[in-house]
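Some notes on the structure that comes next.
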Amino acid sequence: MNDAVIEVRHLAKHFDRVQAVKDVSFSVAPGSICALLGGNGAGKTTTLSILLGLLLPSSGSVRILGEDMLAHRYQVLPRMNFASPYVDLPHRLSVEQNLGIYARLYGVRRLRERIRTLARDLDLEALLKRRYGTLSAGQKTRVSLAKAMLNHPDVLLLDEPTASLDPDTGDRVRGYLMDYQASSGATLLLASHNMLEVERMCDSVIMMHQGVIVDQGRPAALVQRYGHRDLEEVFLHVARDGQDTEIRSRAL
Ligand SMILES: Nc1ncnc2c1ncn2[C@@H]1O[C@H](COP(=O)(O)OP(=O)(O)OP(=O)(O)O)[C@@H](O)[C@H]1O
């Protein structure tokens, strides 16, 4: 029986002449944290956007929580959420107003209590009355994460979840996400450039290079397979030697 929470098969996406994602297939197990890794332009954000239904694929299929996302995404989206530093919220509204609007859109019950809890957990209490547009990049990242947690998602997609966070705040946010995963059983898929973060948080890693998957596995297994000291070195190896790695992985 196939019980993957995220099941991607032969996914491709091109923008005019740019082939952003080429025949990508992978699955993410329930209750796991999986990382999409790859250099700039590898196709991570495009893949996450297709999973969310924000972009239509050129070909291929995506099943999430057992549903075909192309045919039935509105049945699945209430159980998902997404955080990204690239998605902006209305600048003139306060943090509290922004979270309140999303909470109503998601049909969150006892929304004031939910916002208070998230503000406490993500250190946003002092910012609730501030206009979103006046926040620093790291503060916006935390608000985006709070928005993503409003509906207690079963599937959480995160594009660089700790971008712009200082080391202390980044560490606390990672701890928060891991605690959430452990207590809720949710499945997390994140794109990250932070290899220490990935080694600490993730059960599995999917390495992309120029739109294709060049390798995947558990972080420790990848480090061992490439004979490096850590995932950072594996990343550099794949980024600088991506084409060869792609050819080798296809030959396996
Ligand atoms: N709307 C678009 N129109 C044309 N090309 C696009 C568009 N969106 C993405 N691309 C191209 O598709 C490729 C993959 O981009 P994508 O944003 O998915 O990469 P990424 O792995 O998320 O990179 P980064 O780490 O820099 O965020 C890139 O070559 C990018 O220029």
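One-based numbering, in listed order, for ligands and for the atoms of each. The model shown is predicted, which means the values in this text are computed figures rather than measured ones.
For ligand 1, the polar-atom distance check against H193 finds a nitrogen or oxygen pair separated by under 3.5 Å. For ligand 1, the polar-atom distance check finds an N/O of G43 within less than 3.5 Å of one of the ligand's N/O atoms. At under 3.5 Å, a nitrogen or oxygen of T46, whether backbone or side chain, sits near a nitrogen or oxygen of ligand 1. Note: an N/O pair closer than 3.5 Å links A42 and ligand 1 by distance alone. Residue G41 has at least one nitrogen or oxygen atom sitting less than 3.5 Å from a nitrogen or oxygen atom of ligand 1, judged on distance alone.
Every atom of ligand 1 is numbered from 1 in the order shown, and the set under 4.0 Å from a heavy atom of N40 is 23 (O), 24 (P), 25 (O), 26 (O). For ligand 1, the atoms closer than 4.0 angstrom to any heavy atom of A20 are 12 (O), 13 (C), 14 (C).
Side-chain contact, S192 with E160: no donor N or O sits under 3.5 Å from an acceptor N or O. Checked by atom type, the side-chain pair N81/Y106 shows a donor-acceptor distance below 3.5 Å.
Remark: side-chain polar atoms of Q75 are not paired, donor with acceptor, to backbone N or O of E67 under 3.5 angstrom.
Note on ligand 1: G39 sits in its first shell, one or more heavy atoms being nearer than 4.0 Å. Look at K13 and you'll find every heavy atom at least 4.0 Å from all atoms of ligand 1.
A salt bridge is absent between R120 and E125; no separation between the charged side-chain nitrogens and carboxylate oxygens falls under 4.0 Å. A salt bridge links D215 to R225: one of the charged nitrogens lies within less than 4.0 Å of a carboxylate oxygen. In summary, D121 and R116 do not engage in a salt bridge, as defined by a charged side-chain N under 4.0 Å from a carboxylate O.
Counting only heavy atoms, the protein gets under 4.0 Å from atom 7 (C) of ligand 1. Proximity of atom 10 (N) of ligand 1 to the protein is indicated by at least one non-hydrogen atom lying closer than 4.0 angstrom.
Atom 4 (C) of ligand 1 has its closest protein heavy atom at F15 CB, 3.3 Å. Of the protein's non-hydrogen atoms, K44 NZ, 2.8 Å is the one closest to atom 21 (O) of ligand 1. Nearest protein heavy-atom contact of atom 22 (O) of ligand 1 is T45 OG1, 2.7 Å.
Environment of OH in Y74: sparse, with no more than 12 heavy atoms of neighbouring residues, nucleotides or ligands closer than 6.0 Å.
The aromatic rings of H228 and Y226 lie parallel to each other, with less than 30° between the two planes, well short of the 60° mark.
The shortest non-hydrogen separation linking S144 to S84 is OG-N, 3.3 Å.
Only the side chain of V18 comes within contact range of ligand 1, with a heavy atom under 4.0 Å; no backbone atom does.
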How far apart are the C-alpha atoms of S94 and R131, what are their side-chain angles, what is the distance that settles it, and do they pass the side chain to side chain contact (heavy atoms under 4.5 Å, CB included) test? CA-CA 4 Å; S94 71; R131 284 188 183 193; 5.6 Å; no

